[in-house]
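Some notes on the structure that comes next.
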Amino acid sequence: MRYGVGSRTVGRGGRLLGGGLLLAAAGCLAGALTACGAGGDHDAATPTASGSGAGASAAVAARGATIGAPDSACRLPVTFALAKNWKPESTVPGSSGSSATPADDLAAEIADALLHQGPVTAVCEVDAKPAGHIGFLRVWTGEPGGADARSVLASFVGAEKGAGHATYRAFTTGGLSGTEVEYRVTSEILEDTKTERALAVTTPDGPVVVHLGGLDDEEHRAMLPAYELAKSTLRVTAR
């Protein structure tokens, strides 16, 4: 089963591409010029029931809309609550129905490459700008199979250029057991290193990865309550 409907796409630098060739190419270039971070992956000593490094005491944002159901902005194998004023939008390209030009085809090809990371494909992004932050909460889905959440997440992080210093920990929420990761991403072109987080769960319709980036560490920390809200309200979508 495929999830998500729409025509706008997104670059890994955190910008909406909207099908535009110049922005898609810029996002691709930024991804190609990042350098690999140092440090090996490891697992946290103690699994957490909720929250990130702060465990159950992590702050949770005020609730806004819920996404994942068939009638929501993004149809997903899971549902979860969004922080207030965060705006969701599908990122599946090529469904606008308009006639394509050669430039449109090239933009779509570049965008399609950017929408895949490891074993999963980006199907939804939630923009934090309406809430005053610079960053996105993105949802990625994969095909059903035998891979567990830890393996899916490790492949996802391993496919991101510049990723390193990853710390994995188990979590449970709403009857789901999954894995989350905190890691650092180094960008050679921006000469900067920042923190990112992601979680993965498996469902009957395949694995789901929810990822939080941000412009920099300050923005990332400011958006953590939205990530914690998503994690604590994560449920398998009712069939």
Side-chain angles (χ1 to χ4, degrees), residues 2-19 23 27 50-52 58-93 95 111 114-117 120-142 153 156 160 171 173-174 176 178 180-182 185 194-201 203 207-237:
R2 286 201 165 273
Y3 294 86
V5 178
S7 60
R8 302 184 74 184
T9 61
V10 57
R12 287 180 186 161
R15 299 178 62 184
L16 278 171
L17 301 184
L23 288 177
S50 64
S52 297
V60 175
R63 292 182 66 145
T66 296
I67 62 168
D71 60 349
S72 66
C74 299
R75 184 181 181 185
L76 305 168
V78 295
T79 61
F80 60 88
L82 303 178
K84 187 177 180 181
N85 295 326
W86 285 49
K87 182 181 178 182
E89 185 168 0
S90 173
T91 57
V92 177
S95 60
L114 292 171
L115 286 169
H116 298 282
Q117 186 166 318
V120 291
T121 300
V123 294
C124 185
E125 71 175 9
V126 188
D127 190 357
K129 287 195 293 295
H133 304 296
I134 304 175
F136 295 89
L137 191 68
R138 294 196 174 97
V139 185
W140 308 65
T141 61
L153 200 55
F156 176 81
E160 183 166 357
F171 75 95
T173 181
L176 286 169
E180 65 177 329
V181 62
E182 178 179 340
V185 177
K194 62 177 183 174
T195 300
E196 298 190 3
R197 277 176 173 79
L199 63 84
V201 295
T203 77
V208 178
V209 173
V210 180
H211 172 266
L212 177 68
L215 178 67
D216 52 29
D217 279 350
E218 182 178 358
E219 286 287 353
H220 182 82
R221 287 191 296 270
M223 295 187 296
L224 278 179
Y227 170 86
E228 296 296 343
L229 174 65
K231 185 174 70 170
S232 66
T233 57
L234 201 64
R235 305 289 186 271
V236 174
T237 302

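Every value quoted in this text rests on a predicted model; they were computed, and no experiment measured them.
Pairing each heavy atom of R221 with each of P225, the nearest pair is O-CD, 3.8 Å. Shortest non-hydrogen contact noted between G135 and D127 is O-OD1, 3.7 Å. Residue L137 comes nearest to A230 through the heavy atom pair CD2-CB, 4.0 Å, listed as atom of the first residue, atom of the second, then distance. Between T66 and S72, the closest heavy-atom pair is O-CB, 3.8 Å. Shown here for A61 and A226, the closest heavy-atom pair between the two residues is CB-N, 3.8 Å. The two atoms that bring K87 and P130 nearest to each other are CB-CG, 4.0 Å, heavy atoms only.
Remark: side-chain polar atoms of H220 are paired, donor with acceptor, to backbone N or O of T195 under 3.5 angstrom. Judged by distance alone, the side chain of T173 and the main-chain N or O of S232 form a donor-acceptor pair under 3.5 Å. When atom types are taken as modelled, the side chain of E219 and the backbone of I134 share a donor-acceptor pair closer than 3.5 angstrom. In this structure, T237 contributes its side chain and P77 its backbone to a donor-acceptor pair below 3.5 Å.
Taking OG1 of T233 as the reference point, atom CD of E228 lies at 10.5 Å (rounded to 0.5 Å). Note that CZ of F171 is 7.5 Å distant from CG of L176, once rounded to the nearest 0.5 Å. Between the CZ atom of F80 and the CZ atom of R63 there is a distance of 11.5 Å, given to the nearest 0.5 Å. Taken to the nearest 0.5 Å, the CG atom of L224 stands 8.0 Å off from the CD atom of E182. Rounding to the nearest 0.5 angstrom, the gap separating the CD atom in E218 from the NZ atom in K194 is 13.5 Å. Atom CZ of R138 is separated from atom CD of Q117 by 10.0 Å, given to the nearest 0.5 angstrom.
Within the 4.5 Å cutoff, no side-chain heavy atoms of V208 are placed close to those of L76. Taking the side chain as every heavy atom from C-beta outward, I67 and C124 approach each other to under 4.5 Å.
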Criterion side-chain contact (heavy atoms from CB on, under 4.5 Å) on F136 and K129, from CA distance to verdict: CA-CA 8 Å; F136 295 89; K129 287 195 293 295; 3.9 Å; yes

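Between W140 and F156, the ring planes lie perpendicular to each other; the angle is over 60°, past the 30° to 60° tilted range.
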